[in-house]
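First up is the structure itself, then whatever we jot down about it.
Side chains are part of it too, since the values below use all heavy atoms of this structure and drop only hydrogens, waters and symmetry mates.
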Amino acid sequence: MDVLAVPQKREDGWYLSLMAPNTKGPKFAWLDPSRLYCNSQALSDCVKDLLKPFQNETIDLVAGIDAMGFILGSAVAMSLGKGFLAIRKAGHLCVQTRTQDYSDYSGREKLMEVRVDVLKPGLRVLIVDQWIETGGTMRAAIKLVENQGATVVGIAAVAIENSEGGKWIKENYKYSHCIPKELQSQIDSQYLEFKNFSG
């Protein structure tokens with residue numbers, strides 16, 4: 001596969017074929033979407049798809065979740081002409097922060113943080129992450145934004161699994177993701193037939 005090649009006919013979600021399955025075993029995520037970021041057209045089309053539901057929304061700032069949400073979130077922010085706020089794993093920022101505990105997709109208890117000198121009441125924020133599996137990380141990010149008075153305009157990710165946490169996000173926030181309806185069941189079962197996308 002030529003990762004940098006762009007097909008002549010770009011069907012909806014064509015860039016999903018650039019995602020790579022786990023080859024290292026159960027200690028790792030089941031899928032790696034990050035290869036699609038290597039292809040400039042794939043990244044551009046992914047960002048356009050993520051922003052479609054928010055075309056009529058006022059967005060003041062984009063927040064991305066450490067670490068892969070930084071890549072996609074920065075691309076979204078650049079596309080909108082807005083600034084980018086990093087929501088970090090705790091212990092990395094040298095300024096005053098607010099923290100929030102959470103359990104990630106592996107079930108490990110963790111802590112994330114955000115600086116206190118950016119978010120304020122009235123600020124409308126789009127939160128971006130690469131993938132939402134259990135929803136624990138995204139829920140913590142939402143709390144960090146809302147606890148400082150800012151409004152979460154919506155949630156955007158390459159995929160949102162229909163886990164309990166994923167469903168909660170979909171029920172409570174405007175959201176966008178790149179997975180066609182016919183592939184959602186594969187995403188939810190954490191098995192993707194890559195041949196279905198290629199072409």
Side-chain angles (χ1 to χ4, degrees), residues 1 3-4 6-7 10-23 28-55 57 59 62-80 82 84-87 104-106 112 125-142 152-163 165-170 173-199:
M1 170 189 284
V3 175
L4 303 181
V6 178
R10 301 195 322 267
E11 297 179 5
D12 285 347
W14 71 273
Y15 47 81
L16 297 173
S17 65
L18 296 172
M19 298 190 298
N22 174 344
T23 59
F28 295 85
W30 70 277
L31 186 71
D32 176 24
S34 68
R35 189 166 60 181
L36 75 85
Y37 308 148
C38 298
N39 183 306
S40 62
Q41 189 63 59
L43 180 56
S44 176
D45 288 354
C46 176
V47 167
K48 282 180 194 165
D49 288 346
L50 287 176
L51 288 175
K52 281 178 188 173
F54 303 106
Q55 287 176 347
E57 295 284 348
I59 297 170
V62 176
I65 298 174
D66 201 341
M68 298 309 291
F70 292 173
I71 299 168
L72 194 55
S74 294
V76 167
M78 289 295 292
S79 178
L80 290 171
K82 300 297 178 182
F84 175 80
L85 174 67
I87 297 178
D104 71 2
Y105 68 92
S106 70
M112 67 170 51
V125 181
L126 177 64
I127 306 178
V128 179
D129 202 1
Q130 177 172 265
W131 201 272
I132 298 174
E133 193 169 323
T134 64
T137 306
M138 183 58 73
R139 284 181 87 156
I142 290 168
V152 175
V153 175
I155 307 299
V158 173
I160 304 174
E161 295 182 22
N162 280 323
S163 59
K167 287 177 183 174
W168 180 88
I169 289 165
K170 290 178 177 181
Y173 292 89
K174 191 168 193 173
Y175 68 92
S176 68
H177 64 96
C178 303
I179 304 300
K181 286 180 183 174
E182 64 270 16
L183 295 177
Q184 185 67 50
S185 63
Q186 289 185 39
I187 295 298
D188 294 340
S189 62
Q190 298 190 341
Y191 174 77
L192 205 51
E193 294 177 16
F194 286 84
K195 62 186 179 188
N196 286 358
F197 304 95
S198 319

Inset, instruction - Give, for atom CG of L50 and atom SG of C178, the distance between the pair rounded to the nearest 0.5 Å. - result: 4.0 Å
Legend entry - Heavy-atom closest pair, residues E193 and Q186: N-OE1, 2.7 Å
Legend entry - Closest heavy-atom pair and its distance - F84, G64: CE1-N, 3.4 Å
Inset, instruction - Return the set of residues passing side chain to side chain contact (heavy atoms under 4.5 Å, CB included) with Y105 (not counting sequence neighbours), or none when no residue passes. - result: A29, E133, T134
Inset, instruction - Give a yes or no on whether the backbone of A75 and the side-chain of S79 come within a donor-acceptor separation of less than 3.5 Å. - result: no
Inset, instruction - Determine whether M112 and I65 make a side-chain contact, defined as any pair of heavy atoms from C-beta on separated by less than 4.5 Å. - result: yes
Legend entry - Test item: S44 side-chain N/O and S40 main-chain N/O as donor-acceptor pair under 3.5 Å: no
Legend entry - Non-neighbouring partners of Q130 that pass side chain to side chain donor-acceptor pair (under 3.5 Å), sequence neighbours left out: Y37
Legend entry - Test side chain to side chain donor-acceptor pair (under 3.5 Å) applied to K170 - qualifying residues, sequence neighbours left out: N162
Legend entry - Selection residues 175-192 - residue pairs positive for salt bridge (Lys or Arg N to Asp or Glu O under 4.0 Å), sequence neighbours left out: none
Legend entry - Test item: T137 and I132 side chains (from C-beta on) under 4.5 Å apart, heavy atoms: no
Inset, instruction - Mind checking the CD1-OG spacing from I169 to S163? Nearest 0.5 Å is all I need. - result: 7.5 Å
Inset, instruction - Using the test side chain to side chain contact (heavy atoms under 4.5 Å, CB included), find all partners of L85 that sit at least two apart in sequence or belong to another chain. - result: L61, A63, V114, R115, V118, L119
Inset, instruction - Output the distance between atom CD1 (I59) and atom CG (L126), rounded to the nearest 0.5 Å. - result: 4.5 Å
Inset, instruction - Tell me, please, which residues at least two apart from K48 pass salt bridge (Lys or Arg N to Asp or Glu O under 4.0 Å). - result: none
Inset, instruction - Using atom types as modelled and distance alone, determine if a side-chain donor or acceptor of D32 lies under 3.5 Å from a backbone N or O of A20. - result: no
Legend entry - Heavy-atom donor-acceptor pair, K174 side chain to P53 backbone, under 3.5 Å: yes
Legend entry - Gap separating the CG atom of L192 from the CG atom of L183, nearest 0.5 angstrom: 6.5 Å
Inset, instruction - Only counting residues at least two apart or in another chain, list the ones meeting side chain to side chain contact (heavy atoms under 4.5 Å, CB included) with K52. - result: D49, Q55
Legend entry - By side chain to side chain donor-acceptor pair (under 3.5 Å) - contacts of N22 (at least two apart): none
Inset, instruction - Evaluate the side-chain proximity of L36 to C46: yes if any heavy-atom separation is below 4.5 Å, no if none is. - result: yes
Inset, instruction - With the side chain counted from C-beta on, respond yes when I187 and W131 share a heavy-atom pair under 4.5 Å apart, and no when they do not. - result: yes
Inset, instruction - Only counting residues at least two apart or in another chain, list the ones meeting side chain to side chain donor-acceptor pair (under 3.5 Å) with S106. - result: D104, R108
Inset, instruction - Mind jotting down which residue pairs meet the salt bridge (Lys or Arg N to Asp or Glu O under 4.0 Å) criterion with at least one end in residues 64-76? Sequence neighbours excluded, please. - result: D66-R88
Inset, instruction - Just jot down the side chain to side chain contact (heavy atoms under 4.5 Å, CB included) partners of Y173, sequence neighbours excluded, or say none. - result: I142, E146, V152, I155, W168
Legend entry - Spatial distance of atom CD1 (I160) from atom NZ (K167) [nearest 0.5 Å]: 13.5 Å
Legend entry - CZ on R10 to OH on Y15, rounded to 0.5 Å: 11.0 Å
Inset, instruction - Would you name the heavy atoms of L18 and R35 that are closest together and state the gap between them? - result: O-NE, 2.7 Å
